[in-house]
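Okay, structure first, notes after.
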Number of protein chains: 2
Amino acid sequence: MSLPCICTTLRSASRRMIAFYDEAIAPVGVNIAQFSLMRSIARVEPVTLTALGRRVELDRSTIGRNVRVLEKMGLVALGRGEDQREATVTLTDAGRKVLDDGAPLWDGAQKALDDRLGVEFMRRLHAALDAL
Amino acid sequence: MSLPCICTTLRSASRRMIAFYDEAIAPVGVNIAQFSLMRSIARVEPVTLTALGRRVELDRSTIGRNVRVLEKMGLVALGRGEDQREATVTLTDAGRKVLDDGAPLWDGAQKALDDRLGVEFMRRLHAALDAL
DNA sequence: CCACGTCGCGGGCATATACCCGCAACCCAT
DNA sequence: ATGGGTTGCGGGTATATGCCCGCGACGTGG
């Protein structure tokens, strides 16, 4: 008989982890998707929406919308590149503060999992997921 | 330095698998979330929205909306239980046909992954994800 | 038998995500 | 320089998902 496909298992696990990390990071006022995106921005800012999208493997329009939410929250700033078509994103001071304040919360969540499941297990899981 | 958290890796892998399975199952006109939900319904129909939600670990309101989409597509039918509060879901003939027709497509996607990564790898990955 | 607490739902609100269309900016070949 | 192809975005449309609120149905203690 057909067992749950890896996709279903993966989606389910993903939802659980999102909830877990969302709760951990909540005190700084963002969710894990936003925090993760801001970390990506921090590594390459200033960056255009399309370049950022390619980097994090998300649709450009998704990036655009998500960034706009962060902009409304005052965590990132949007500007224009030399190429007038390009919209560039940079973190604001408030955004950097969220990253700084959130880092230990993120580490805590990470550590809780490592403690519960073992670092080696987590390493193998990372590798397995990347292989997909 | 901080490596990507398991949550980010998981979300990314989840998106990739969703895209992969969505494409595989697309010929029958539903996405993998809908197909998966219909399979769950098939196993326990008739079932109330709340019971179904508990079973698949999704918020009741999410179930309600997703089921309504399937209803509009003519794949499930909504009814009332003895308890007049309850909304019960059952598959329609068209819904059962989608499940039947989709099964081999789903199997194909599953098999493609097994072939590429190995059954044992997939088994371990399943187990690891469930452990989260 | 009625008031109050509980349960099941629908709907509002917000985010994440993808795909498609159309516009404006850019670039290149003629 | 001009026309046509390419590129970057915004906005529309649709699904998935969670939380919260309010309503109506149930059920039980007085």
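All chains are named by letter (A, B, ...) in the order of the sequence lines, taking the proteins before the strands, and each is independently numbered beginning at 1.
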Whole angstroms only, please: what is the [atom1]-[atom2] distance between [X] and [N]?
X: A:Leu78; N: D:dC9; atom1: CG; atom2: P; result: 10 Å
X: B:Leu37; N: D:dT15; atom1: CG; atom2: C1'; result: 13 Å
X: B:Asp22; N: D:dA14; atom1: CG; atom2: C1'; result: 13 Å
X: A:Glu86; N: D:dT6; atom1: CD; atom2: P; result: 18 Å
X: A:Glu23; N: D:dG18; atom1: CD; atom2: C1'; result: 13 Å
X: B:Ile32; N: D:dA16; atom1: CD1; atom2: C1'; result: 14 Å
X: A:Arg16; N: D:dT17; atom1: CZ; atom2: P; result: 13 Å
X: A:Met17; N: D:dG18; atom1: CE; atom2: C1'; result: 17 Å

Can A:Arg68 and A:Glu71 be said to form a salt bridge (Lys or Arg N to Asp or Glu O under 4.0 Å), step by step?
CA-CA 5 Å; A:Arg68 227 172 305 152; A:Glu71 186 193 24; 6.0 Å; no
Would you mind building the protein contact string for nucleotides 16-28 of chain C? One character per nucleotide, 5' to 3', B for base within reach (heavy atoms under 4.0 Å), S for sugar-phosphate only, - for untouched.
SBBB-----BS--
Check DNA chain D against residues 48-55 of chain A and give the residues with a non-hydrogen atom under 4.0 Å, in numerical order.
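Output list: A:Thr48, A:Leu49, A:Thr50.
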Neighbours of DNA chain D within residues 89-101 of chain B, by heavy-atom distance under 4.0 Å:
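Heavy-atom contacts with DNA chain D come from no residue of residues 89-101 of chain B; none.
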For residues [X] and [Y], determine if any side-chain heavy atom of one lies less than 4.5 Å from a side-chain heavy atom of the other.
X: B:Thr48; Y: B:Asp83; answer: no
X: A:Leu125; Y: B:Ile6; answer: yes
X: A:Thr88; Y: A:Leu78; answer: no

Distance check, rounded to the nearest 0.5 Å: [X] atom [atom1] versus [Y] atom [atom2]?
X: B:Phe20; Y: A:Leu10; atom1: CZ; atom2: CG; answer: 12.5 Å
X: A:Cys7; Y: B:Ile25; atom1: SG; atom2: CD1; answer: 10.0 Å
X: B:Met17; Y: B:Ile32; atom1: CE; atom2: CD1; answer: 11.0 Å

Could you tell me which non-hydrogen atom of A:Val56 sits nearest to which non-hydrogen atom of A:Ser40, and how far apart they are?
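A:Val56 and A:Ser40 have their closest heavy atoms at CG1-OG, 3.4 Å.
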Salt bridge present between B:Asp101 and B:Lys97 (N-O < 4.0 angstrom):
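A salt bridge is present here (some side-chain N lies under 4.0 Å from a carboxylate O).
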Decide side chain to side chain contact (heavy atoms under 4.5 Å, CB included) for A:Leu52 and A:Leu37; before the verdict, give the C-alpha distance in whole Å, the side-chain angles of both, and the deciding distance to 0.1 Å.
CA-CA 9 Å; A:Leu52 185 55; A:Leu37 181 56; 3.9 Å; yes
Test of understanding: with side-chain contact (heavy atoms from CB on, under 4.5 Å), list the residues that count as partners of B:Ala26, not counting sequence neighbours.
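For B:Ala26, no residue satisfies side-chain contact (heavy atoms from CB on, under 4.5 Å) once neighbours in sequence are set aside.
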Does C:dT15 have OP1 or OP2 sitting under 4.0 Å from an N or O in the side chain of A:Arg68?
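The answer is no; no side-chain N or O of A:Arg68 sits under 4.0 Å from OP1 or OP2.
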Do B:Val44 and B:Val89 sit in the same hydrophobic cluster, where Ile, Leu, Val, Met, Phe, Trp and Tyr count as joined when their side-chain heavy atoms come under 4.5 Å apart?
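As far as the 4.5 Å side-chain criterion goes, B:Val89 and B:Val44 are connected within one cluster.
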Grab the stems for DNA chain C, please: at least three consecutive Watson-Crick or wobble pairs, both distances below 3.5 Å, written as range with range.
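Stems found: C:1-30 with D:1-30.
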Give every residue pair that meets the salt bridge (Lys or Arg N to Asp or Glu O under 4.0 Å) criterion with at least one member in residues 9-25 of chain B, sequence neighbours excluded.
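Every salt bridge (Lys or Arg N to Asp or Glu O under 4.0 Å) pair that includes a residue of residues 9-25 of chain B, provided the two are not neighbours, is A:Glu57-B:Arg16.
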Other residues, nucleotides and ligands only: do more than 12 of their heavy atoms fall within 6.0 Å of CZ on B:Arg96?
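Yes, enclosed.
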